[in-house]
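Take a look at the structure below.
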Amino acid sequence: MTLTETKKAFAELGRFLSQFSLDINSQNHHVLYNDTFYNSFIDLIEASKSHNGWFTQEQVYFAVQQWAQALTPENLDNWLKQYNLENIQPKTVGLILAGNIPLVGFHDFLSVLVAGHNALVKLSSNDMHLLPFLAKYLIAVSPEMDNRIKFTEGKMENFDAVIATGSNNTARYFEYYFRDKPSIIRKSRNSVAVLNGNETSEDLVALGEDIFRYFGLGCRNVSKLFVPKGYNFKDFFEAMYTYKDVIFYEKYSNNYDYNKAVFLMSNFKLLDNEFLTLKEDPGFSSPISSVFYEYYDDIATIEQRLETEHEQIQCIVGSSSIKNSIAFGQTQKPGLLDYADNVDTILFLSTI
């Protein structure tokens with residue numbers, strides 16, 4: 001199967017996904033195999049919350065829309081034009097996927113297939129239905145895909161390389177178990193925002209998207225703020241009020257109540273707006289419904305620290321003057337070139 005054929009199949013998948021959004025599902029009769037897949041996908045999205053309580057329709061539709069926007073012929077061409085994917089000898093690449101947010105492992109799945117390899121996929125129990133459905137659509141569009149995609153629930157066997165995502169603890173297991181295979185082993189990471197006190201209300205509302213999207217469960221969610229000494233959180237909390245309805249979701253509310261109680265019993269000082277707590281803490285990984293913050297004296301010091309501790313950081317949000325930063329509100333809208341952990345997956349796959 002050629003690269004052109006693979007890209008065409010994924011572009012058709014993108015057209016299929018573009019029909020679905022939280023506001024309205026709008027069937028395009030020019031999309032292939034809608035008779036088989038269109039209503040079934042709506043049913044699957046509606047059922048996703050029963051499979052994983054965090055996968056509300058809003059969150060699943062958001063993930064679907066991000067991939068619909070990414071999987072265009074133009075985006076696929078621009079992404080892959082810098083790589084030499086000719087004469088790739090097909091290998092079987094094992095994928096051990098996370099399940100913290102909907103379709104979180106799709107980029108690895110896509111990368112393996114466009115690089116000319118076969119995917120042996122072990123799904124997370126938290127996200128076992130969305131990717132297999134999309135794989136079935138790909139196979140309908142391009143039957144040759146059936147020989148290139150396999151899902152397994154048991155022990156992974158007969159593979160040549162592996163991309164595995166997990167916690168820091170499971171990463172140590174992965175590193176040992178796959179020590180004799182070419183591999184990318186992903187660990188826990190967090191995202192941070194560096195504020196200077198001059199942010200507009202629009203900036204801060206957009207920052208709320210980085211904090212609350214997927215209820216804060218993703219590695220691209222902002223879980224830590226760096227703020228200048230003397231920073232007044234009034235404008236920050238006013239902007240966060242946009243997201244106040246998050247507290248009406250039971251799983252989030254339970255986490256808010258629990259984590260707030262734990263903090264208070266430990267006599268930690270908190271800033272609180274009744275649906276989000278802020279805790280001064282040097283760490284990066286805050287619990288759900290809470291964000292850590294830390295004061296700084298100068299930006300250069302913070303940039304140096306983030307560079308030193310880059311292996312713990314996924315995204316840095318802030319003004320364009322902050323080194324390696326991305327704009328407010330963009331963390332959960334990565335492009336095809338935005339590789340997890342800044343590890344070029346296609347380059348890895350082209351050399352195994």
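In this chain, residues are counted from 1 in sequence order.
Electrostatic pairing of Arg213 and Glu58 counts as a salt bridge here, judged by a charged N lying under 4.0 Å from a carboxylate O. Under the 4.0 Å criterion applied to side-chain N and carboxylate O atoms, Glu294 and Arg305 are assigned as salt-bridge partners. Taking a cutoff of 4.0 Å between a charged side-chain nitrogen and a carboxylate oxygen, Glu12 and Lys8 do not qualify as a salt bridge.
Between Asp203 and Thr200, the side chains place a donor N or O and an acceptor N or O closer than 3.5 Å (distance only, hydrogens not considered).
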Working for ring-ring contact (aromatic ring centres under 6.0 Å, His included), residues Phe20 and Phe16
CA-CA 8 Å; Phe20 306 96; Phe16 173 77; 5.1 Å; yes
For side-chain hydrogen bond (donor to acceptor under 3.5 Å, both in side chains), just list the numbers for Gln314 and Asp341, CA-CA rounded to whole Å, side-chain angles, deciding distance to a tenth of an Å, and then say yes or no.
CA-CA 6 Å; Gln314 191 67 257; Asp341 300 1; 3.1 Å; yes
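Remark: of the listed residues Ile101, Asn126, Asp127, Asn126 is the sole one forming a side-chain contact (heavy atoms from CB on, under 4.5 Å) with Asn52. None of Asp23, Thr56, Asn25 except one satisfies the side-chain hydrogen bond (donor to acceptor under 3.5 Å, both in side chains) rule with Tyr61; the exception is Asn25.
Asn255 places a side-chain N or O within donor-acceptor distance of the main-chain N or O of Lys251, the cut-off being under 3.5 Å. The closest donor-acceptor contact from the side chain of Asn75 to the backbone of Ala70 lies under 3.5 Å.
Summarising the local packing, NZ of Lys187 is surrounded by 12 or fewer heavy atoms from other residues, nucleotides or ligands at distances under 6.0 Å.
Note on ring orientation: taking the six-membered ring where Trp is involved, the planes of Trp79 and Tyr339 are tilted (angle from 30° to 60°).
Figure legend: cation-pi geometry between Lys229 and Tyr295 absent, as NZ or CZ is not positioned both under 6.0 Å from the six-membered ring centre and within 45° of its axis.
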